Amino acid sequence: MTWEELSNICNNCNRCALSQTRQHVVLGKGDLSAPILFVGEGPGANEDEQGIPFVGQAGKLLDLALESLGFKPDEYYIANVVKCRPPSNRVPHSDEINACLPYLREQFKLIKPRIVVCLGSVAATTLLGPECKITAVRGQWIDKKGTYFTATYHPAALLRDESKKIVMWQDLKAVKRKLAEISK
Ligand code: URA
């Protein structure tokens, strides 16, 4: 499948109820062959309005973290577990996640990332298993057939609890180090 085909399929998707309330499908943003894939939870109101992930307050915080730590724009792509906004920003239901996962799998196939960073528990438990809460997997690397998976707090959690900022910064520094290590 090409990016164009994937984008067309997603834009016409009605596999779950989220399609009925969305304004835009939010597929992703960033470099299409980046070594790092960040995976969030799902679009919020701003993302739904603009069709672009992480453009609201949480996104600004993520941008700031990535820029200040020296991540280059061609080093990452950002997607979400679900591509349509859950009403009132509720957590996506498992049937919605399951309906949408094939699209994330296609994104994996197209990008072929070397590193996957789960942002928050929904991404971590979806991609790594139900026991993989953030506190259990942050700071660790899970090697899945040569792709290294890790997790850190969702940037929205940092807006609620400032003390998590330092932890996320440390986690992202570890991502930078891992990228340097595997790029040797
Ligand atoms: N939160 C997410 O998980 N994804 C977005 O795109 C925006 C906020």
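Note that the coordinates shown come from a computational prediction; the quantities given were computed from them, not determined experimentally. Counting starts at 1 for both ligands and their atoms, following the listed order. Start at 1 with the first residue, then count along the sequence.
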Closest non-hydrogen atom pair between Asp31 and Asp74, with its separation: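 Taking every non-hydrogen atom into account, OD2-CB, 3.5 Å.
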Contact summary for Ile111 and Ala34, nearest pair of heavy atoms: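 Residues Ile111 and Ala34, closest heavy atoms: CG2-O, 3.4 Å.
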Test item: Phe54 and Asn46 side chains (from C-beta on) under 4.5 Å apart, heavy atoms: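 Side chain of Phe54 against side chain of Asn46, heavy atoms only: no contact under 4.5 Å found.
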Can you find an N/O atom of Gly40 closer than 3.5 Å to an N/O atom of ligand 1?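 No, Gly40 has no N/O under 3.5 Å of an N/O on ligand 1.
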Check this for me - ligand 1, Pro43, N or O atoms closer than 3.5 angstrom, yes or no?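 The answer is no, given that Pro43 and ligand 1 share no N or O pair closer than 3.5 Å.
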Identify whether the distance between the nearest side-chain nitrogen and carboxylate oxygen of Arg22 and Asp48 falls below 4.0 Å.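 A salt bridge is absent here (no side-chain N lies under 4.0 Å from a carboxylate O).
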Salt bridge or not for Arg90 and Glu96, using N-O below 4.0 Å?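 Here Arg90 pairs with Glu96 in a salt bridge, since their nearest N and O are under 4.0 Å apart.
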Record the part of Ala58 in heavy-atom contact with ligand 1 below 4.0 Å; permitted values are side chain, backbone, both and neither.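 Neither part.
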Record the part of Glu41 in heavy-atom contact with ligand 1 below 4.0 Å; permitted values are side chain, backbone, both and neither.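 Both backbone and side chain.
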Between Glu49 (side chain only) and His24 (backbone N and O only), is there a donor and an acceptor less than 3.5 Å apart?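 No, the answer is negative, given that no donor and acceptor are paired below the 3.5 Å cut-off.
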Tell me: protein heavy atom nearest atom 4 (N) of ligand 1, and distance?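 Residue, atom and distance for the closest contact: Asn80 OD1, 2.8 Å.
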Heavy-atom contact check, 4.0 Å cutoff: does Gly56 meet ligand 1?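 For ligand 1, residue contact (heavy atoms, under 4.0 Å) with Gly56 is absent.
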Hey, which atoms in ligand 1 end up nearer than 4.0 Å to a heavy atom of [X]?
X: Gly42; answer: 1 (N), 2 (C), 3 (O), 4 (N), 5 (C), 7 (C), 8 (C)
X: His154; answer: 1 (N), 2 (C), 3 (O)
X: Pro53; answer: 6 (O)

Could you walk me through whether Tyr103 and Trp3 pass the ring pair (Phe, Tyr, Trp, His ring centres under 6.0 Å) test, one step at a time? CA-CA 11 Å; Tyr103 303 138; Trp3 276 106; over 10 Å; no
